[in-house]
Amino acid sequence: MMSDAFIFLLCLGAFALLLAAMSRHQQEWFGAKLARPLSLSLRAGGFGLLFAAWLVAGFTVGFAYGTVVWCGCIAVAALVVIAVNINRDRLLKYLRR
Amino acid sequence: MKGAFRQSMAWLHTWTGLLVGWFLFVIFLSGTSAYFQYEITRWMTPEQTVVVTSQVAAQNAMTWLRTNQPEAVAWDIYLPGKRGGPVEVYWTPKPEAGKDAVRDWEKDTVRLDAATGQKAAGRDTQGGYFLYRFHYDLHYIPVIWARWIVGFCAIMMLTACITGIVTHKKIFADFFMLRFGKGQRSWLDAHNVSAVVALPFILMITYTGLVTLASLYMPWPIKASGMTEESYYAALYPVAPTREPTGKPAAFINLDKVFETTRQRWEGAGIAYLSAVNPGNAGATLTATSAPDKRMQTRGDSVQFDGVTGQILWVSPVRGVEAKTESVMVGLHAGRYAGAVLRWLYFIGGIGGTMMIATGLVLWTSKRRLKLPDPARPHIGFKLVEKLNIGCIVGFPAGIAIYFLANRLLPLGMTARADWEIHSLFIAWGAVLVWGFARPAKRGWVEALSVCAGLFALVPVVNAITTPRGLIHSLVSGDILFLSFDGLMVLTAIGFAFAARKVARHKPMVKAKTKASKTQPEPA
Amino acid sequence: MCNSFKDVLLPDLRLSLTISPRWGARCGVLVRTFAATVGGYGIAALWGALLSAGLSRFEGVATSGAVLTGMLSSFAICVCVVMWVFAARDLKRMALGLLIPAVLLGVALWLLRATA
């Protein structure tokens, strides 16, 4: 249970980084585009986290079972990030208040 | 050329999707619910409150057989797994002299309460098992037809998936660019999001689904290899050799020893199936087959014991790499090995697939509505698709809600009660279908969705009224299964209500003039 | 979507000059649907049979294993064939693209069976 939660959080972080690495979303979320090297390292960090999540899954519950869990976590994490991104305006307004 | 290729793939995606979409929706939804088939069965048999280990269940079943069928020449016990459920017991009666022993699979069987070892008390129901079988055997038609239909749908699904990927490569690139907008755009977004997010699951589940029934769909490789079907199955699923009974009676072995030995051999996996031949005789044998709840390989391993001394007589041979692959593929499909978290992930994947199909079907109409010469008076084909969408996407879930309600409401002593639970599902489904055809499309959607939401909301209420295991009781006693089930029903109801509200508020992008003139005669 | 596909299917019209383009496109779709069903399943079956008969010749490959390899991979072939049938620029290409692999697979299978 704990390891599942950890794998999921890693995937969530990974997609958040991947999102932040895209210039279009940088504009929307931060109000300005980030420097290219920074974007690239964000992207690398995102993929790195995904890989780390897979490793964690493999070493905690075995690589066969872990890979399936990892696939599932990726899907749900992506869904969460998309949902957050869609409701960006509402969320930002709420945060600014 | 490249543009033409994409166009033809887009065309193929649209039409294969539409052709089998309704079937796929039903197959996906019932299959998704089947990931919780044992939990559903337990909810549908609320009288049975205790879950015992398969070892206790086996002992109880053995006691029942010893008492009630001591003369039988064979006993077979199908054990519940960790997730509960009844024990199914079969026997072969002792034949009259000079005749062969024959088992009547309909009559020589009983369903026992695993905890008490007595005939299962309470309501007669198929529970989650029905939804599981409906997933590939459908209902009211011969199973072989059903499996061919489901297989055809699966290959079309695979085609629709691949052509979808080819056509819409871009949605992978701008994965996060998706925005929910208005009208067609938002349906497209919903279709894209569910497709991309659930894609690994969908591709896996569709291909492995074909694999589960591969020898039915593709028997030609067997013929080409020079094997007969019998020799092929014998090679792939070897059966323990039989042993003639001796004249002497002898006490049957203690099952504890069998459980102990197999647990060690199978890295902790339990026993799914026990088969005793000539029990009570000195020549008795007992074969145990492993449960699929621990390993991804779903095909069980077997060990045959001497039924008196407990000595191991035979062990099923180690599988070759191809057989292992097949076993893992089927295992991945059925997900019996999955623990609680992974089971929910499977469930979410299934819901994602179902949503993808549903949004795809709706997309077909919403894309075309704008291009119609007169959107208020669509042609017959368009109307048909629209109505079938309502009847299927809302009708089948409504039927499932009615299936659960019927389980609680039909009188307990009713004859053919289990069958009538199932009939109720189809009657409700049919009613929604007819309703959809009878009403103008938009109203049909809103009404059907609202009714469906109401039905799902009723399930926990009716459960609380008709059984002592209502929501409050579950909360107090910490009954996770009933809490989750009732909670999921409420969530589903909210989902349908949300959809109903969305559709009701949705203003189709139709020329204002036509709209005003055409829709006014309808009562508000 | 239907309209755009008519453009793709226009070359088919050469086979049916006397009927309207709309019906020509529809005929093309009908022919292709039939070809996809029969061709898709047929070539997949031939592929499965060939793999099954061929692989079991190798030492160390169980016959049942060879059968499974053919069986499990055949569905992927089926999808590829269906896609080809609808992707081919005209019916002649489509038919050739079906017949050539079918004949090749068939001959190979026949040779294997004959030398068994």
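In the text below, chain A, chain B and the rest are named by the order of the sequence lines, each starting its count at 1.
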A.B. asks: Tell me which of these, B:A214, B:A154, B:A235, has more heavy-atom pairs under 4.5 Å with chain C than the rest.
C.D. replies: B:A214
A.B. asks: Can you tell me which portion of B:K223 sits under 4.5 Å from chain C's heavy atoms? Options are side chain, backbone, both or neither.
C.D. replies: backbone
A.B. asks: Is a salt bridge present between B:R299 and B:E326, judged by a nitrogen-to-oxygen distance below 4.0 Å?
C.D. replies: yes
A.B. asks: Within 45° of the ring axis of B:W145 and under 6.0 Å from its six-membered ring centre, is that where the NZ or CZ of B:R147 lies?
C.D. replies: no
A.B. asks: Counting heavy-atom pairs under 4.5 Å with chain C, which one of B:I155, B:T16, B:I162 comes out on top?
C.D. replies: B:I155
A.B. asks: Stepwise, does the side-chain hydrogen bond (donor to acceptor under 3.5 Å, both in side chains) test hold for C:R32 with B:S8?
C.D. replies: CA-CA 12 Å; C:R32 284 177 195 242; B:S8 51; over 6 Å; no
A.B. asks: At a heavy-atom separation under 4.5 Å, does B:S231 approach chain C through its side chain, its backbone, both, or neither?
C.D. replies: neither
A.B. asks: With chain B, which of C:T33, C:L46, C:L51, C:T63 has the greatest number of heavy-atom pairs at distances under 4.5 Å?
C.D. replies: C:T63
A.B. asks: Relative to chain B, which segment of C:S64 carries a heavy atom at a distance below 4.5 Å: side chain, backbone, both, or neither?
C.D. replies: both
A.B. asks: With distance as the sole criterion, is a donor-acceptor pair present between the side chains of B:S302 and B:T289 under 3.5 Å?
C.D. replies: yes
A.B. asks: Is the count of non-hydrogen atoms from other residues, nucleotides or ligands lying under 6.0 Å from B:I380 atom CD1 greater than 12?
C.D. replies: no
A.B. asks: Going through the checks in order, is the ring-ring contact (aromatic ring centres under 6.0 Å, His included) test met by B:W15 and B:W364?
C.D. replies: CA-CA 9 Å; B:W15 292 98; B:W364 190 93; 5.7 Å; yes
A.B. asks: Report yes if some heavy atom in the side chain of B:F152 is under 4.5 Å from a heavy atom in the side chain of C:Y41; otherwise report no.
C.D. replies: no
A.B. asks: So what's closer than 4.5 Å to chain B heavy atoms on C:A44: side chain, backbone, both or neither?
C.D. replies: both
A.B. asks: Top residue by heavy-atom pair count (under 4.5 Å) with chain B, among C:C80, C:C78, C:A76, C:A66?
C.D. replies: C:A76
A.B. asks: Report which part of B:V321 has an atom under 4.5 Å of a heavy atom belonging to chain C: side chain, backbone, both, or neither.
C.D. replies: neither
A.B. asks: Measure B:Y217 against the heavy atoms of chain C and call it side chain, backbone, both or neither at under 4.5 Å.
C.D. replies: both
A.B. asks: May I ask you to decide if B:P221's main-chain N or O and C:S52's side chain share a donor-acceptor pair within less than 3.5 Å?
C.D. replies: yes
A.B. asks: Let's test your reading of the structure: which of B:W220, B:Y207, B:Y233 forms the most heavy-atom pairs below 4.5 Å with chain C?
C.D. replies: B:Y207
